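Note that the numbering runs from 1 along the sequence shown for the chain. Note that the structure is predicted; figures quoted are calculated from it, not measured.
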Amino acid sequence: VYVSWPLYQRTLRWFGGRKTWAALVLALVLTLILGGALLWLGLLLRNEGMVAVRAGAALVKAGAELPDWLQRVPWFGPWLQQRLAGLGDSSALTRELAQLAEQWGLDALRVVGDLGRNALRFGAALLISFFLFRDGEKMVGQLRAVLQGLLGDRVQGYFDAVGDTTRAVVYGLLLAAFAQGVFAAIGYWVAGVQAPAFWGAATAVIALIPFGALLVWGSIGIWLLLQDQLAAGIGLLVYGTLVISQIDNLVRPLVISGVANVPFLLVLFGVLGGLSAFGLIGLFIGPVILAVLLALWREWVADNARQR
C-alpha cells in the first residue's frame, strides 16, 4: 500500500476525491495484477518444470558419464562416477522414487492446507489494503500526532527513514531480482539449457536473497561442464560472473543505499538478518528496522556533537 500510494493519489483524483471508490478500484486492480502474474508464473513453472524433470530423468536413466579429465581426478572422480552409475541403475532409481512418492503422499494434505491458508492470507491482505488505502492517511496522521507528543519533532526523521527505506528496499530487491531472472534466462537459452524460462524464474525468486542467484547459474554452469559441454559451461559461468552478478552488485546497492542513504553493508545485514528472523517478509522488515536504528544513531551522534 505504501509503495503504491502515488498511484492511489492519482486514482483518487480520477474519482473526484471519493476515497471508498478509489480504494476499492485500486485494491481490485492490484488483485488482478498479482493474481494474473501468479497464475502466469504457475503455468510457466508447471509446463517448463515438467520439461526440466523429464530431461533430468532421461539423463539419469541413460547413465551420465563424467568427462575423462574429471574421472582421472584421484578419489573424487571415481567416487562421483560411481554415484552417477548408481543413479542410472533402474532398480535403485525405482526404490528412490518409491520412497519419494511415499513421502510426498504423506505431505499431500499439508500442501492442500498450505494452499488454503495462503489463499486466506492473500484475501485478508487485499481486504486490509482496501481499508489502508481509504483510511491510511488518517491513521498515519493520528500515529504521527501521538508519537510527536511522546518524542517531539524528531519523530519526523523516523517517519522519513522508514518511508525512504521501505520504498528503496522494495524497488531494489524486486528490480534486481527481476533483471537477474531475465538476463539469466537469456544466458540459459544461449547455452542450450532445457527450460530456460523455468530456470530464469527460479533464478529471479532465489535472487531475492543477496548472492542467491549464484546458486542457480553456478550450479547449471558446473553441470554443463560435467556433461563435457565445455564451451556452454564456461560461457555461462563467465556470463553469470560478468553480467548476472553485476546486476545484483549494481542495482540493489544503488537503489537502496542511494535512496535511503543507508550503507550497503548495513542493508546486507538487514536483509540476511531479517530473512533469518522473520522469514521471507524479513527481506523487507530487516532493512527497515536497521534504517530506524541508524536514524536513532545519527540523531544521538548529532546531539552529542551539539552538546560539546
Side-chain angles (χ1 to χ4, degrees), residues 1-38 116-175 208 255-262 266-267 270-271 273-275 277-300 302-303:
V1 169
Y2 181 80
V3 172
S4 58
W5 191 258
L7 181 59
Y8 168 72
Q9 294 292 328
R10 184 175 300 179
T11 306
L12 186 62
R13 290 194 296 269
W14 289 345
F15 282 90
R18 287 173 288 186
K19 294 184 177 181
T20 300
W21 282 105
L24 178 61
V25 168
L26 193 54
L28 292 176
V29 168
L30 291 179
T31 302
L32 294 177
I33 293 175
L34 294 176
L38 291 175
R117 284 193 294 270
N118 288 332
L120 181 61
R121 292 172 182 171
F122 187 67
L126 292 173
L127 181 64
I128 294 171
S129 69
F130 165 76
F131 288 102
L132 288 179
F133 278 129
R134 192 187 68 175
D135 305 321
E137 195 170 7
K138 183 186 300 183
M139 295 168 57
V140 171
Q142 294 177 356
L143 179 62
R144 190 191 304 271
V146 172
L147 293 178
Q148 191 167 8
L150 297 175
L151 303 176
D153 295 335
R154 69 183 66 180
V155 71
Q156 183 59 40
Y158 305 151
F159 271 89
D160 293 339
V162 171
D164 293 342
T165 306
T166 301
R167 280 196 304 270
V169 168
V170 172
Y171 293 153
L173 288 176
L174 297 183
L175 286 177
L208 291 172
V255 174
I256 298 179
S257 302
V259 175
N261 195 23
V262 178
L266 198 62
V267 173
V271 171
L275 182 66
F278 304 106
L280 288 179
I281 194 64
L283 292 171
F284 307 98
I285 294 178
V288 171
I289 293 176
L290 285 185
V292 175
L293 295 178
L294 182 61
L296 288 171
W297 175 263
R298 287 171 174 169
E299 182 180 355
W300 291 340
D303 289 342

side-chain contact (heavy atoms from CB on, under 4.5 Å) evaluation trace for Gln142 with Met139:
CA-CA 5 Å; Gln142 294 177 356; Met139 295 168 57; 5.6 Å; no
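Here CD1 of Ile289 is found 4.0 Å from CZ of Phe278. Values are rounded to the nearest 0.5 Å. Atom OG1 of residue Thr31 and atom CG of residue Leu127 lie 10.0 Å apart, to the nearest 0.5 angstrom. Atom-to-atom distance recorded for Phe133:CZ and Gln9:CD is 10.0 Å, nearest 0.5 angstrom. Tyr8 OH to Leu30 CG: the interatomic distance, rounded to the nearest 0.5 Å, is 12.5 Å. Here the CG atom belonging to Leu290 is positioned 12.0 Å from the CD1 atom belonging to Ile285, to the nearest 0.5 angstrom.
Side-chain contact between Phe130 and Thr20 is present, with heavy atoms from C-beta onward closer than 4.5 Å.
Open room surrounds CH2 on Trp21; 12 or fewer heavy atoms of other groups in view lie less than 6.0 Å from it.
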